[in-house]
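Taking it in order: structure first as structure tokens, then the write-up.
Basis for what follows: all heavy atoms, side chains included, without hydrogens, waters or symmetry-related copies.
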Amino acid sequence: MKLFCCRLPNFFLLTSVRILQITFVLCIFFYSCKAQYTFHFNDSILVITQNDTLPMAWAGGLNCPQFSTIDLNRDGLKDLFVFDKDGNVVRTFINVGSPGITKYKYDPSYEKYFPPLMNWALLYDYNCDGLEDIFTSNGNSRIRVYRNDYTLQNGFVFTLVADPLLSNEFGSIVDITVGPANLPTFSDVDRDGGLDIINFNLSSSILNYHHNNSIDSTGNCDSLDYAFNTLCWGQCSTSSFTCWDLGMSCRANTHPQSDTNSTGNMRHGGGTLLSLDLDGDGDKEMLVGDQSNYVTALYNGGDSLTANITTQDCTFPSYDVPAYINSYPACFYIDVDNDGKRDLLVSPTGNFVSENYQSVWYYHNDSTDTSPLFHLRMNNLFQNQMIELGSGAHPVFFDYDHDGKMDLLIGNDGYFSATGNYRGKIALYKNTGTLNIPEFTLVTNDFANIDTLHFNSIQPTFGDLDGDGDPDMIIGESMGSLVYFPDTTTGGYPVSYGAPVFNYQGLLPGQYASPQLIDIDRDGKLDLVTGNSAGKLFYFRNTGTVNAPVFTQQSNFFGGVNVREVGFVTGYAQPFFYDSAGSYRLFVGCERGMLFYYDQIDGNLGGNFHLEDSLFNYTYMNGYEGSRISETAADITGDGKLDFVIGNLDGGVKFFASGAAPVGIEKLSDIPISVKLFPNPTRKSFHLSLKKNDFLNPEICIFDVAGRLVSSTYSSQAEIEFNVSDLSPGFYSVKISDINGRTAVKKLIINN
């Protein structure tokens, strides 16, 4: 019997009858029709942990989330907009709770309406129209603002209105700067109805206050008219110690007398800010997070016009459990449980150095909205309802107990610990459902005791390497070595692994090795293909035997695959080969959050594979899933179509079921597309010509190379002109889709 083995699915464990069945359904999936298809996010598959069903199992995880509220479904309740700095990903949660009840449903259908965001993103209504606008980084330590132009007819449309946001500094127009580790605060500081800004200057340890002059100038708040009010709000500065230095000499509209504190030491590596009224006297206090790890509360002994910080709580809230996040805690003031009182959420902003699976500290407000008292309820809000594996998620379908149903194993980059070390593990979710209705139950979060090895970035693959009929395991890890685990069950199930063999066969596939066992040359012996952080693939051919493999390097640039984007040092290639009716196909996940899709592999192992699509996940799954995505696929619902599980840097996974209309995805370019796009390449505009009656009032979306929505519109016209002069030069994807499920995709190049 020919061996079929890869990261997923593991066909070699099945009987020959079962192989014929799977081959048959795959043929149906890939060749039954040539109609367009999509994969749909599906949260109906139950996931059970500790006898509880996770209500948001497939929400994708959270690492460094930033929270804002917005009414997404227009039902009068404020929903949650969550921007996660890890991966620059947006997640949207619909509020389905009631007064005093915290209950949200993850709904990714709203995420596509938000523009590409990076570093930080907060929603505030600056023009008083009742719609939350977007304040975010422009990637260059400046502020970018999008106005919310929602209408019933067009839905959400965000219009860029400032890039960068400017302020008048003593007669000179300057950029409002926000460092990469900083988070500014937006609030009506002087109570005149305008949205003011307080931020850390890039090179200062003091707080800059930018007053919104819109009310003063025009009598309304419909503009972004900012001017420096003071360069040292609160007359205080950061210290070289935990607390702040108070009582600085600083006058409005002037520079401070000194930018050093009383000790002469500076302690400014960035900080996060939240202005709110903590004591009910009508002026604003400040919650600050920085590298001290604690939140500091600065209490205003002045008033709304002239702030003067007179007291502080350096371990806020010291009257309860102090908020402690390893490096740069950020605070968010929102009503979590619909009781009319805003609560406090605290989460990290420091990537790769902070809590990752317990990183949303929820402090309930047990007092009033105007004079809050915060008490800790939990440190993993929402995360306790998800598959949450800390940082990184590398899923693999594998029938570990040989019951004919695919189980789900997920390696991770690591769980944060108090010592600052990350330790990777493998979580095992056993399929406790049926062949048609799967469900996954957590058996262990440390499969094969990987934790004892103290590795990071655990990425497993399975295959029979010693010819005894039992599946062995190889894992890749962050330093680039491969570790071999022989199965010791001698024909028994579930599998059990013996002592690991380190530095397996001396193979060196590069850092963050992502291995897959597969008979790529179809000689009946399992070969080894690995991705790595450089974004390329290594191919090790089995020049030994079925019982005693010898892996010999054939290529360090296999198939010409390189998913590292120009200008980036790393690419993090995550390969998944699968057999489609006798022809291999390849998906490769990468750092930038795209799935690359290749064909023309068989008979071409020494050449370059054909890149069929570089935006597969956004085009056919309608979503950007964050950075460093890993993919696995199998027909786990018994409908003859592949289902995908996608992991990401935030330590979560999402499940995608294939649509009702399958298609031969081995040649996407063979699908008839009745769309003409010209000129292409272009500089300022392009023209779309749609064949009459092919689309019913289509939505037309433009995605950037990271798969993020940069523009969208609806049109009932067959001839459409688009102005793209505001888009940066590069590669884009134009997607046309309508309510009947008809979809077409065109590539677009914008030149300088």
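- Applying the side-chain hydrogen bond (donor to acceptor under 3.5 Å, both in side chains) criterion to Ser359, with sequence neighbours excluded, gives Gln383.
- A donor-acceptor distance shorter than 3.5 angstrom exists from the side chain of Thr434 to the backbone of Ile437, with no hydrogens or angles considered.
- Counting only distance, with no hydrogens or angles, the side chain of Asp446 and the backbone of Ile450 share a donor-acceptor pair below 3.5 Å.
- In this structure, Asp79 and Asn73 have side chains that are in contact, with non-hydrogen atoms separated by less than 4.5 Å.
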Next on the checklist: I'd like to know whether Phe558 forms a ring pair (Phe, Tyr, Trp, His ring centres under 6.0 Å) with Tyr539, so could you lay out the CA-CA distance, the side-chain angles of the two residues, the decisive distance to 0.1 Å, and finally the verdict.
Outcome noted: CA-CA 6 Å; Phe558 189 39; Tyr539 167 35; 4.6 Å; yes
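- Nearest heavy-atom pair across Ser481 and Ala513 is O-CB, 4.5 Å.
- Looking at Asp639 and Thr637, their side chains do bring a donor and an acceptor atom within 3.5 Å of each other.
- Remark: Ser457 engages Asp413, Gln459 in a side-chain hydrogen bond (donor to acceptor under 3.5 Å, both in side chains) (not counting sequence neighbours).
- Between the CG atom of Asp403 and the CG atom of Asp399 there is a distance of 5.0 Å, given to the nearest 0.5 Å.
- Scanning for salt bridge (charged side-chain N to carboxylate O under 4.0 Å, His left out) contacts around Lys747 gives an empty result, with sequence neighbours left out.
- The closest donor-acceptor contact from the side chain of Asn356 to the backbone of Phe416 lies under 3.5 Å.
- In this structure, the side chain of Gln66 does not engage the main chain of Lys85 through any donor-acceptor pair within 3.5 Å.
- Here Lys405 pairs with nothing under the side-chain hydrogen bond (donor to acceptor under 3.5 Å, both in side chains) rule; sequence neighbours left out.
- The list of salt bridge (charged side-chain N to carboxylate O under 4.0 Å, His left out) pairs with a residue in residues 642-653, not counting sequence neighbours, reads Arg91-Asp650.
- Atom-to-atom distance recorded for Met473:CE and Leu517:CG is 11.5 Å, nearest 0.5 angstrom.
- The closest donor-acceptor contact from the side chain of Glu631 to the backbone of Gly589 lies under 3.5 Å.
- Figure legend: Arg628 and Tyr572 shown as a cation-pi pair, the cationic atom lying under 6.0 angstrom from the six-membered ring centre and within 45 degrees of its axis.
- The shortest distance between side-chain heavy atoms of Tyr106 and Phe382 does not fall below 4.5 Å.
- In this structure, Leu453 and Pro500 have side chains that are in contact, with non-hydrogen atoms separated by less than 4.5 Å.
- Cation-pi contact between Arg592 and Tyr624: absent, since separation from the ring centre below 6.0 Å together with deviation from the ring axis within 45° is not met.
- Annotation: the span from Ile646 atom CD1 to Phe41 atom CZ amounts to 12.0 Å, rounded to 0.5 Å.
- Phe577 places a side-chain heavy atom less than 4.5 Å from the side chain of Gln516.
- Under the salt bridge (charged side-chain N to carboxylate O under 4.0 Å, His left out) criterion, Lys654 pairs with Glu625, sequence neighbours left out.
- Of the listed residues (Asn648, Asn63, Asn412), just one forms a side-chain hydrogen bond (donor to acceptor under 3.5 Å, both in side chains) with Ser391, and that residue is Asn63.
- Rounding to the nearest 0.5 Å places CG of Leu615 at 15.0 Å from OH of Tyr597.
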Checklist entry - Does the pair Arg522 and Asp602 meet the rule for a salt bridge (charged side-chain N to carboxylate O under 4.0 Å, His left out), with working shown? => result CA-CA 9 Å; Arg522 299 187 185 277; Asp602 293 271; 2.7 Å; yes
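- Residues Met594 and Ser614 come closest through the heavy atom pair CB-O, 3.4 Å.
- With hydrogens and angles disregarded, a donor-acceptor distance shorter than 3.5 Å links the side chain of Thr92 to the backbone of Asp107.
- For the atom pair OG (Ser478) and CD1 (Ile458), the distance works out to 7.5 Å, reported to the nearest 0.5 Å.
- The nearest pair of heavy atoms linking Gly498 to Thr488 is N-CG2, 3.5 Å.
- When each of Phe609, Phe644, Phe39 is checked for a ring-ring contact (aromatic ring centres under 6.0 Å, His included) with Phe587, only Phe644 meets the rule.
- For Asp401, the side-chain hydrogen bond (donor to acceptor under 3.5 Å, both in side chains) partners two or more places apart in sequence, or in a different chain, are Lys430.
- One side chain, Asn42 or Ser44, offers a donor N or O that lies under 3.5 Å from an acceptor on the other.
- With hydrogens and angles disregarded, a donor-acceptor distance shorter than 3.5 Å links the side chain of Asn617 to the backbone of Leu595.
- Considering only heavy atoms from C-beta on, Tyr504 comes within 4.5 Å of Phe551 through its side chain.
- Under 3.5 Å, the side chains of Glu591 and Thr570 contain a donor-acceptor pair of N or O atoms.
- In this view, Asn384 and Met378, Asn380 satisfy the side chain to side chain contact (heavy atoms under 4.5 Å, CB included) rule, not counting sequence neighbours.
- Ring planes of Phe81 and Phe114: tilted class, angle from 30 to 60°.
- For the residue pair Ser514 / Thr530, no side-chain donor-acceptor distance below 3.5 Å is found, with atom types taken as modelled.
- Shown here are the ring pair (Phe, Tyr, Trp, His ring centres under 6.0 Å) partners of Tyr362, two or more places apart in sequence or in another chain: there are none.
- Scanning for side chain to side chain contact (heavy atoms under 4.5 Å, CB included) contacts around Leu46 gives Thr53, Glu439, with sequence neighbours left out.
- The closest donor-acceptor contact from the side chain of Asp527 to the backbone of Asn542 lies under 3.5 Å.
- Within the 3.5 Å criterion, the main-chain N or O of Asp487 finds a donor-acceptor partner in the side chain of Asp472.
- Residues Val495 and Pro471 come closest through the heavy atom pair CG1-CG, 3.5 Å.
- Side-chain contact between Leu54 and Thr49: present, with at least one pair of heavy atoms (C-beta onward) separated by less than 4.5 Å.
- Between Leu586 and Pro575, some side-chain heavy-atom pair lies under the 4.5 Å cut-off.
- Between Leu507 and Phe540 there is a side-chain heavy-atom pair separated by less than 4.5 Å.
- Between the side chain of Ser630 and the backbone N or O of Gln574, no donor-acceptor pair lies under 3.5 Å.
- Pairs passing the salt bridge (charged side-chain N to carboxylate O under 4.0 Å, His left out) check and including a residue from residues 39-49, sequence neighbours excluded, read Asp43-Lys105.
- Aromatic ring orientation, Phe440 versus Trp58: perpendicular (interplanar angle above 60°, classes split at 30° and 60°).
- Closest approach of Cys590 and Phe596 over heavy atoms only: SG-CE1, 3.6 Å.
- Between Asp464 and Lys525, no side-chain nitrogen of the basic residue sits less than 4.0 Å from a carboxylate oxygen of the acidic one, so the salt-bridge criterion is not met.
- Contacts classified as salt bridge (charged side-chain N to carboxylate O under 4.0 Å, His left out) and involving residues 44-65 (residues at least two apart or in different chains) are not found.
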